[in-house]
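Numbers restart at 1 for each chain; the letters A, B, ... are given by sequence-line order, proteins then strands.
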Amino acid sequence: MDYTFREIEPKWQSYWREQGIYHVKNECEKPHYYVLDMFPYPSGAGLHVGHPLGYIASDIFARYKRLRGYNVLHPMGYDAYGLPAEQYAIQTGQHPAKTTEVNIARYREQLDKIGFSFDWDREVRTCDPHYYKWTQWTFIQLFHHYYDKALDKARPIAELVQKIECGEHSEGLSKPWASMSEEERQLYLMNYRLAYLADIPVNWCPQLGTVLANDEVVNGLSVRGGYPVERKLMRQWSLRITAYAQRLVDGLDSVDWTESLKEIQRNWIGRSEGAAVWFPVADSPSGQTFEIFTTRPDTIFGVTFMVLCPEHEMIEHIVSDSQRDEVMQYVTWAKNRSERERQAEVKKVSGVFTGAYAVNPLTQERIPIYVSDYVLSGYGTGAIMAVPAHDSRDFAFARHFGLPIRQVVAPSADEVSDPASWTESLDSKSGICVNSGFVTGMKVKDAMKAVIDRVAEMKIGFRTVNYRLRDAIFSRQRYWGEPFPIYYKNNIPYTIPESCLPLQLPDVSDFKPTATGEPPLGHAALWAWDEANCRVVQTSKIDNETVFPLELSTMPGFAGSSGYYLRYMDPRNDESYFSPQAVNYWQNVDLYVGGAEHGTGHLIYARFWNKFLYDIGLAVKEEPFQKLINQGMIQGRSNFVYRSKTDNNLFISKNIAGREERTVPIHVDINIVDNDVLDIEMFKAWRPEFAEARFELEDGKYVCGWEVEKMSKSMFNVQNPDDLVERYGADTLRLYEMFLGPVEQAKPWDTNGIEGVFRFLKKFWKLYRVEEDGCHLSQQPATKAEMKVLHQTIKKISEDIERFSFNTSVSSFMVCTNELTSAGCAAREVLEPLVVLMAPFAPHIAEELWHALGHEDSVCMASWPMFDEQFLVEDTFTYPVSFNGKMRFTIDLPATATQQDALALIQSMPEGQKWLNGAAPKKVIFVPKKIVNIVI
RNA sequence: GCGGAUAUGGCGUAAUUGGUAGCCGCGCCAGACUUAGGAUCUGGUUCUUAACCGAGUGGGGGUUCGAGUCCCCCUAUCCGCACCA
C-alpha cells in the first residue's frame, strides 16, 4: 500500500478528537509539565507558514513529554481583543465581534489540519465575558492595592489608610487625614494605587483614535498602521508597573531565557544608579529649590548650567520678566511638536535661557538655568545639571549657546587640556577627577561615592536609582476591549462590586473611534451604573445620585494576554480566576514558545501581572515563564519574472545573457513557481495581462529570480499552510518546518526542500510493508547492526528534543531510514520503537503505523523507548592518527587500548615508520575513542 | 551612538562541545528501469587537479600536539534601544 496521507490524516485527527486523547486532568499521579504557545491574534489574513513554526516545535515537545510519562498541559486560545482585531473590523465594515468569530473559526480550521495536540476543552478567548471577568477582577485588585516599599510587595490600600490614620505614613500629606474630604482622600490614595487615574502626557494617535503604550510606538509612529503619534496630556488609567521595576530586573536572573531577550528587557527597564541633588534657585525670596538626577555625581564641579524640560512646573515661577515671552514661546512650541518631529530632529539643538540662576550647592557658584526639550519630562525629575565637558548632549548645547565648558575628569592627572579645542566631550567613566574641590585626584568611581556621601551629609541629596521604564497607560479610547469595572461618583472612580462581574461590553452599532478622544462606548448612550442595585442600567438619566456614569474607555490588548496562562489551568471556573488546587498542581509555565517581538510588551506586562498575583497570594511562582524559546521570524521568499523593457508580453528567463539590461523584475505568485521554475500555463492564467505572454526560455524552462522579503500579500510570497497540507500532508509540513533550520533562527520560507522530506516519509512508510491487513514484518530478531542503528537513533532523538534541536532530529530519522532500508530491515523489535520516536514529529503516520502494527490504543499512550548502551559500545574503535596535528591514516584498536598499544601498532606499520622515519616521537597524545596525535 | 546576535559548499544546514570539516536535504551530474517522466532506484558532487599533492569554516593575529569551536583586533549582515542625564 502507498502512503495515503490524505486518508490517514483526517482519520486520526477525528479519532483523537473523539477519544479525547489530548484532554488533560488537573489531578494526576504523574509529574506535571506545562508547554505553552503565545496565543495568536485571529487576524483576517489567516495563518501563514510562520505561525505554526513555534506551535509545531512546542507540539513536538509536548508530545515527547507525554510519552516520557508527564501529564502535559498544552492549551491554545485566542487573543481576540485589541487594536488589530478592531482595525480589521473597521476596514471590512463589520462588527468586531462578528469578524473575530469568523477569524477564529478560520484559525481553528487551519490549526486542526496540522494535527496539534492541544486540549481544546481549555480554550480561552480574551473577548469572552467568562474570561474577561477575571481580567476586570484583576484590575479591581490592582486598584485596591498599593506597593509597600518596606515589605517590597503589594498590600491592600486599606492597610495604607490604616497607617495614615495611625500616623505611620504621612508622605505628601498636605493636611491631616481626619480633616480631608472624601474627594481629597481619594485623590491622595490615587498616588499609591497600582491601577490609578492621572493626568499624564500620553502617546495620542489621532488616526487610531486612541492612546498607546510606549511599546506600541516606534520612532514616533504607531506599531499598528504606522500612524503619527503626538504627545498629549490626558486623564488616563495607568498601571504602576514601575513599582515592580527592580523585581522585574532581578527576576531575569532566575529564568531560563536567551541572554539577548533578557538584555532587551534590562534595557527597556533601564536601571541606572546615581544621585538626586537639590539645587537652590539663586536670589529666590521663597527659597525655591529643584531636584535633579545624575548618574555622574563625580562631575558636579563641572556644572556650568542647568536645564529644565519644557514641561517643568518651576519654569513659570523662576523665569525673569525680560525672558518671559521668549521662554513661554519656546515652551509652547516644544509642547506642540509631535513626537516624530522631535525625534527626527534630535541632533538639532534648541532651548532658551530663563533669566534665572541656580546655585551649585557644593561650590556656591551661580549658574544659568535654561529650558530645552533635550531634557525629557518623563525621566528622572525633568531637570538636569549640565556638565558639558563630560556629556555629549550638554556639550552640544554648550557649544550652540556659547556656554563655558570645564574639564573635571581626565584620563590621568597630567592629561588636562583646554576644552575649547575639543570636538567632543569626554564621557568615559574612567579616569581621575581634576579641578574638583575635595574629590580632586580621586578615581571617578571613588569620587561618585564621595560626592553622594557629602551631599547626603549636607542633606541636599541622596543616592537613588532611576528606571527608564514608565507606568503602563491602560486606557484605550476604543470599543473592542474589556470595559473598566469603574463608575464615577463626583468624578471619583469607584470599582463595581466583584459580584457584579463581568461588566459586559455593550453592543453598539457605531464602534468606530473618534479623532477627539471620546471613547466609542459613549455611543452606547444608555450605559450607566445603578449603584444601589448593582447593575448596568439603560437610562439616559445619569442623576449622579443613584445612577452614575461608567468609565467609557476600554483596556488595551495586553490586559487580556497578561494572565491567560494561569486561566488555562482552570478555564471554566466561574468562582475564581483559577483554583488554588489547579495552580498548586501546575505552578507556572515550564516552557513558553513565541516571538521575541513581545520582549518589551507582553512579556513584561505578564511578568508584572504575575508578580502582583503572587503578592496577593494567587500565583505560586514569582516568574510566570520558566523557560522561553523565541522562534525565529519566517520571512518571505519572493519570486520574480523578468519582463522586457520594450515588449510587455515578453519574459526572459533569469540566466539568459543580457537579461539584466533588457528587463525589469516583477513579483510573481510563489504558488505558480516550483523550485524557481515558472509554470507557464498557470502564469498565463494568473492575470489577464499575462494571457498573451511569450517567453525566452533556458533549457526549455523559465527560471525565476528570487529575493528574501517580508511575507506579505503585495509581494505574492505568502505561503499558506493549508496548500502544503493538501499537497504533501500535515506530517510533511511539520517535519519540513523543523528541517528548515534551528527553531530560534530567522529564515526565509522556501519550499525547495519539501520534496526531500516528503520522499523521506514515503520511504519511512515503505519500511513497514503495510498491506490491507497490517504490517508484514518478520518476527526474526534484528541484526546487531540494525539494533545499533535503532539505539543510536533513540539516543540522538532524545537528546535533540531536550535541546530543542529538531532540525537535526529530522536528519537523524533520514539517516536511520536510509540505513534500515538498505539493510532490508523488517524486524518488529526495531521498527516498533521507531514509530514511537516518530510520533511527536509526524503523529498521523505514526498513529497509522502503530495501529498497522496491531496496537489497539493510540501511539500517544505509548512510552518513549530507552536506549541501551550495550548496542552502542564498540569492540574496536577506528582512531585517526595525526602527525603534528595533521591527519594521516587510521588504525583500528580495541576499545580498551592504551597509548602504548597505539604507539606499538603505529611503529610496526610501514605507514607509521614512514612518518616516524626512525626517530623517537617527541610526544604522543592519545585520547581514548578520539585521536592519536604524534609530535615529531 | 549603546546593547545583543550571526558569518561554514551553488543553497538550507551539520559537526560527539578543542580531536578525520562539510552529516542530512535541495540543486546539479552520471547511470538503471521505463513509450514517457517533473515517478522510482543507484552512484557522484567544497575548491584546485587528469591524478597525486595542495588549499579551505568572513579577514588578520594569538593560545594549543591539534581551533569552525577558546582569546584579541577588524569587516559585513540582522535584531533591539536610542537626547533616559
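The shortest distance between side-chain heavy atoms of A:Leu53 and A:Met738 falls below 4.5 Å. Taking 4.5 Å as the limit, every side-chain heavy atom of A:Val223 sits out of range of all side-chain heavy atoms of A:Val217.
B:G37 atom C1' lies 14 Å from atom CD of A:Glu755, rounded to whole Å. In this structure, OH of A:Tyr374 is placed 16 Å from C1' of B:A82, rounded to the nearest angstrom. Rounded to whole Å, the distance from NZ on A:Lys929 to P on B:U17 is 13 Å.
Counting non-hydrogen atoms under 4.0 angstrom, A:Thr878 reaches nothing in the nucleic acid. Within the nucleic acid shown, A:Val927 comes within 4.0 Å of at least one base atom, counting heavy atoms only. Base contact: A:Val375 has a heavy atom under 4.0 Å from a base atom.
Comparing B:A76 with B:G44, their C1' atoms are spaced 35 Å from each other, to the whole Å. B:G19 and B:G68 have their C1' atoms separated by 13 Å, with the value rounded to a whole Å. Separation of the C1' atoms belonging to B:U77 and B:C72 is 22 Å when rounded to the nearest angstrom. Comparing the same atom, P, in B:C24 and in B:C53 gives a spacing of 23 Å after rounding to whole Å. For the P atoms, the distance from B:U69 to B:C47 is 23 Å, rounded to whole Å. Comparing the C1' positions of B:C29 and B:G10 gives a spacing of 13 Å, expressed to the nearest Å. Nucleotides B:A51 and B:U34 are separated by 34 Å at their P atoms, to the nearest Å. Between B:C70 and B:A5, the distance separating the two P atoms is 12 Å to the nearest Å.
Within 6.0 Å of the CE atom in A:Met909, the count of heavy atoms belonging to other residues, nucleotides or ligands exceeds 12.
Glycosidic conformation, B:G9: syn, with the torsion inside 90° of 0. The glycosidic torsion of B:U17 lies within 90° of 0, which places this base in the syn conformation.
The side chain of A:Met887 lies closest to B:U20, out of B:G19, B:A85, B:U20. For A:Asn267, counting side-chain heavy atoms from C-beta on, the closest listed nucleotide (B:A14, B:A85, B:G80) is B:G80. If you check B:G80, B:A14, B:A85 against the side chain of A:Thr808, the one that comes closest is B:A14. When the nucleotides B:U40, B:U20, B:G25 are ranked by their closest atom to the side chain of A:Lys766, B:U40 comes out on top.
Projected onto RNA chain B by closest heavy-atom contact, A:Ser822 and A:Thr600 fall at different nucleotides, the more 5' of which corresponds to A:Ser822. Two residues, A:Asp394 and A:Arg803, neighbour RNA chain B, and the one matched to the more 5' nucleotide by heavy-atom proximity is A:Arg803.
OP1 or OP2 of B:A85 has at least one side-chain nitrogen or oxygen of A:Ser272 nearer than 4.0 Å. The phosphate of B:C26 (OP1 or OP2) has a side-chain N or O of A:Arg759 nearer than 4.0 angstrom. In this structure, A:Lys763 does not reach the B:C41 phosphate: none of its side-chain N or O atoms is under 4.0 Å from OP1 or OP2. Dashed line: the shortest gap from a side-chain N or O of A:Arg468 to OP1 or OP2 of B:A82 is under 4.0 Å. Residue A:Tyr379 has a polar side-chain atom (N or O) positioned under 4.0 Å from OP1 or OP2 of B:A85.
In this structure, a donor-acceptor pair under 3.5 Å is present between the side chains of A:Thr878 and A:Asp892. Side-chain atoms of A:Tyr374 and A:Asp394 form a donor-acceptor pair, as typed in the model, at a separation below 3.5 Å. Residues A:Arg637 and A:Gln719 bring no donor and acceptor atom of their side chains to less than 3.5 Å of each other.
A cation-pi arrangement is not found for A:Arg266 relative to A:Trp257, the charged atom failing to lie both closer than 6.0 Å to the ring centre and inside a 45° cone about the ring normal.
If you check B:G12 for Watson-Crick or wobble pairing at under 3.5 angstrom, you find it paired to B:C24. In this structure B:C53 sits in no base pair that meets the Watson-Crick or G-U test at under 3.5 Å. When Watson-Crick and G-U wobble pairs are counted only if both distances are under 3.5 Å, B:C78 pairs with B:G4. Across all strands shown, B:G31 pairs with B:C41; the Watson-Crick or G-U wobble distances both stay below 3.5 Å.
Using cut-offs of 30° and 60° on the angle between ring planes, the pair A:Phe889 and A:Phe883 is tilted.
A:Asn671 CG to A:Arg727 CZ: the interatomic distance, rounded to the nearest 0.5 Å, is 9.0 Å.
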Please tabulate the protein-to-nucleotide N/O contacts below 3.5 Å involving nucleotides 61-65 of chain B, giving atom names and distances.
residue : atom : partner  : partner atom : Å
B:C65   : OP1  : A:Lys923 : NZ           : 3.4
B:C65   : O2'  : A:Asn933 : ND2          : 3.3
B:C65   : O2   : A:Asn933 : ND2          : 2.1

